[in-house]
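This is a predicted model, so every value here is computed, not measured. Counting convention: from 1, in listed order, for ligands and their atoms alike.
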Amino acid sequence: MKKIGLYIHIPYCKQKCIYCAFSSFCGKDGTIKKYFEKLKEEMLCHKTELDGKTIASIFIGGGTPSFVDAKHIEEVLLFVKNEFNVQKNAEISIECNPDSVSLKKAEIWKKCGINRVSVGLQSIQDETLKLLNRPHNFSDYKRAINVLKQAGFSNINTDILIGLPNQTEGDIKKTVKALSDEGLTHISAYGLMVEDGTPLKKMIDSGKIKTISEEKAVALYNLTYNELKKYGYNRYEISNFCKPGFECKHNLNYWNRGEFLGVGLSAYSFLNGTHFENTKVLTDYLNLPYKKLNEEKETIKTAKEEFIMLALRLEQGLDIEKFNKTFGENFLIKFEKQIKKLKESNLIRIEKNHIIINNFEVSNMIISEFF
Ligand code: SF4
């Protein structure tokens, strides 16, 4: 049976972080019950597409899935297990924010098969968390980690942001040490993105917040990489680090161009060679019959581009043999000129039949050479 990933989007949050451009809402709690009904309705529409496929990983993301009553999470997982083939040892992750983790919720998550928790921390500095309008402080985070461990979770990720206003090298060192002290298995370190339409963008434009320079952000990323390595966290994707054997299977499936179904508001899918997405409008999701949007059949060209772009983000790099087999072409001959140029500039290397990026901070530029 073909393995696929299932993503379930929960778009509710306690409050909106100033940098957030995700499909998430606060103050719409009255729609939660209906939203979960619609999720089930949507999943039933995909039943024939999932025939002959096994769900090998489930990722409940958001939004803040820990914000909603755990009984909704329990019910939706039970529904998935009853209606579809779910692999026995499937990786099942849930995203949470520290302030909305309770022992009761964590015990329900554990009981319904969730075996990986991803905690959004972003910074250990309380002033920065306040500035970002995060709904928690650092002690809430420490309490949440304790609660999760008490409930029996041992595979725990934490998200942090790199390139925050006023972030220093000392902050990075303290952050990595503090997270390592918590005994986490996985750390995701994302660069802060300033998205149009966010309060952060407005605050930067009006001079209320000063961003750090591009060079400083690159230096902080490199420092994060070195510090994480020191504490035994190996990079396996540009922003993702883990203790040996704790790579996120769900995300690896995306990066390896595996199939996945995304359900819920704004969720994105790649199934049976077709990309499609859902509405981003909550009222439409709640009130209109389910409809796939922007359906696009994959072409050889888009498949190749995606293969290259995703594979080069991985620490192990692009598997030349896999590319050649998938597309019936010889990568080294097709991109001879580009490879020569990038190798001469020491930006890539070839190791064990893989193309590997040497400088992840210029990965976008390197990847663009192949298009
Ligand atoms: S918790 Fe996440 S989804 Fe919710 S507002 Fe903050 S960044 Fe956005």
Peer 1: Does a side chain donor of either Tyr233 or Glu227 reach within less than 3.5 Å of an acceptor in the other side chain?
Peer 2: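 Their side chains do not contain a donor-acceptor pair, so the 3.5 Å distance test is not met.
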
Peer 1: What class does the angle between the rings of His46 and Phe276 fall in, given that below 30° is parallel, 30 to 60° is tilted and above 60° is perpendicular?
Peer 2: parallel

Peer 1: Applying ring-ring contact (aromatic ring centres under 6.0 Å, His included), name anything that partners Phe370, two or more places apart in sequence or on another chain.
Peer 2: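 Phe370 satisfies ring-ring contact (aromatic ring centres under 6.0 Å, His included) with Phe331, Phe335 once adjacent residues are dropped.
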
Peer 1: Look at atom 3 (S) of ligand 1 and say which protein heavy atom is nearest, naming residue and atom and giving the distance to 0.1 Å.
Peer 2: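 Going by distance alone, atom 3 (S) of ligand 1 is nearest to Gly63 N, 3.3 Å.
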
Peer 1: Using the ring of each side chain (for Trp, its six-membered ring), is His186 parallel, tilted or perpendicular to Tyr236, with breaks at 30° and 60°?
Peer 2: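 Correct class here is perpendicular.
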
Peer 1: Around atom 6 (Fe) of ligand 1, what protein N, O or S atoms are found below 2.8 Å?
Peer 2: Cys17 SG

Peer 1: Would you mind writing out the side-chain donor-acceptor pairs for residues 360-367 within the sub-3.5 Å range, not counting sequence neighbours?
Peer 2:
from, atom 1, to, atom 2, distance (Å)
Ser363, OG, Phe360, O, 3.1

Peer 1: Using ring-ring contact (aromatic ring centres under 6.0 Å, His included) as the criterion, list what pairs up with Phe138, not counting sequence neighbours.
Peer 2: Tyr141

